[in-house]
Amino acid sequence: AAILGIFVYICIIHASFPGFLNALKINEAEIAGSTRITTIPGRSAIIFGSIFMIIEFINQVFSIVYELILCSPAGSDV
């Protein structure tokens, strides 16, 4: 499941990064009444949140592999 999560978040970054770069280039903003609200913080939060989730999933993969390889099998009394 963690490997699938890594793949999903890589796809999210791949899909949202060009829009983030475009928002930076044209200074994209939403207009709420007479106030301009930039979209850059929201777009960057998606990218950075995805990066942190990938790091967490990698940590889970290493933890699972560590438990499977280095720990004694279940049910063995040493």
Side-chain angles (χ1 to χ4, degrees):
I3 294 172
L4 182 60
I6 292 170
F7 176 73
V8 167
Y9 281 104
I10 287 173
C11 289
I12 290 172
I13 291 172
H14 180 71
S16 61
F17 198 71
F20 173 72
L21 292 178
N22 186 43
L24 281 175
K25 185 171 79 173
I26 66 171
N27 198 16
E28 185 178 51
E30 296 280 332
I31 298 177
S34 61
T35 306
R36 290 189 60 187
I37 301 171
T38 182
T39 61
I40 296 169
R43 291 181 183 267
S44 63
I46 292 170
I47 293 171
F48 289 124
S50 296
I51 290 170
F52 290 134
M53 285 304 300
I54 289 170
I55 292 169
E56 178 61 30
F57 280 132
I58 290 171
N59 183 28
Q60 285 182 2
V61 168
F62 283 135
S63 176
I64 291 168
V65 169
Y66 175 79
E67 289 291 325
L68 289 175
I69 293 174
L70 298 179
C71 292
S72 62
S76 66
D77 295 328
V78 178

Do [X] and [Y] belong together in a cluster built from hydrophobic side chains that touch within less than 4.5 Å?
| X | Y | value |
| --- | --- | --- |
| Ile46 | Ile37 | no |
| Ile64 | Leu4 | no |
| Val61 | Leu68 | no |

Point-to-point distance, once rounded to the nearest 0.5 Å, from CD of Glu56 to CD1 of Ile54: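 Answer for the CD-CD1 pair, Glu56 versus Ile54, is 12.0 Å.
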
Side-chain donor/acceptor of Ser63 to backbone N/O of Asn59, under 3.5 Å: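 No; judged by distance alone, with no hydrogens or angles, the pair does not exist.
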
Ignoring hydrogens and angles, write down the donor-acceptor pairs under 3.5 Å from the side chains of residues 8-32, residues two or more places apart or on other chains.
unit_1	atom_1	unit_2	atom_2	d
Ser16	OG	Ile12	O	2.8
Glu28	OE1	Thr39	OG1	3.0
Glu28	OE1	Arg43	NE	3.1
Glu28	OE1	Arg43	NH2	3.1

Crowding at CD1, Ile3 (>12 non-hydrogen neighbours, <6.0 Å):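 No, not enclosed.
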
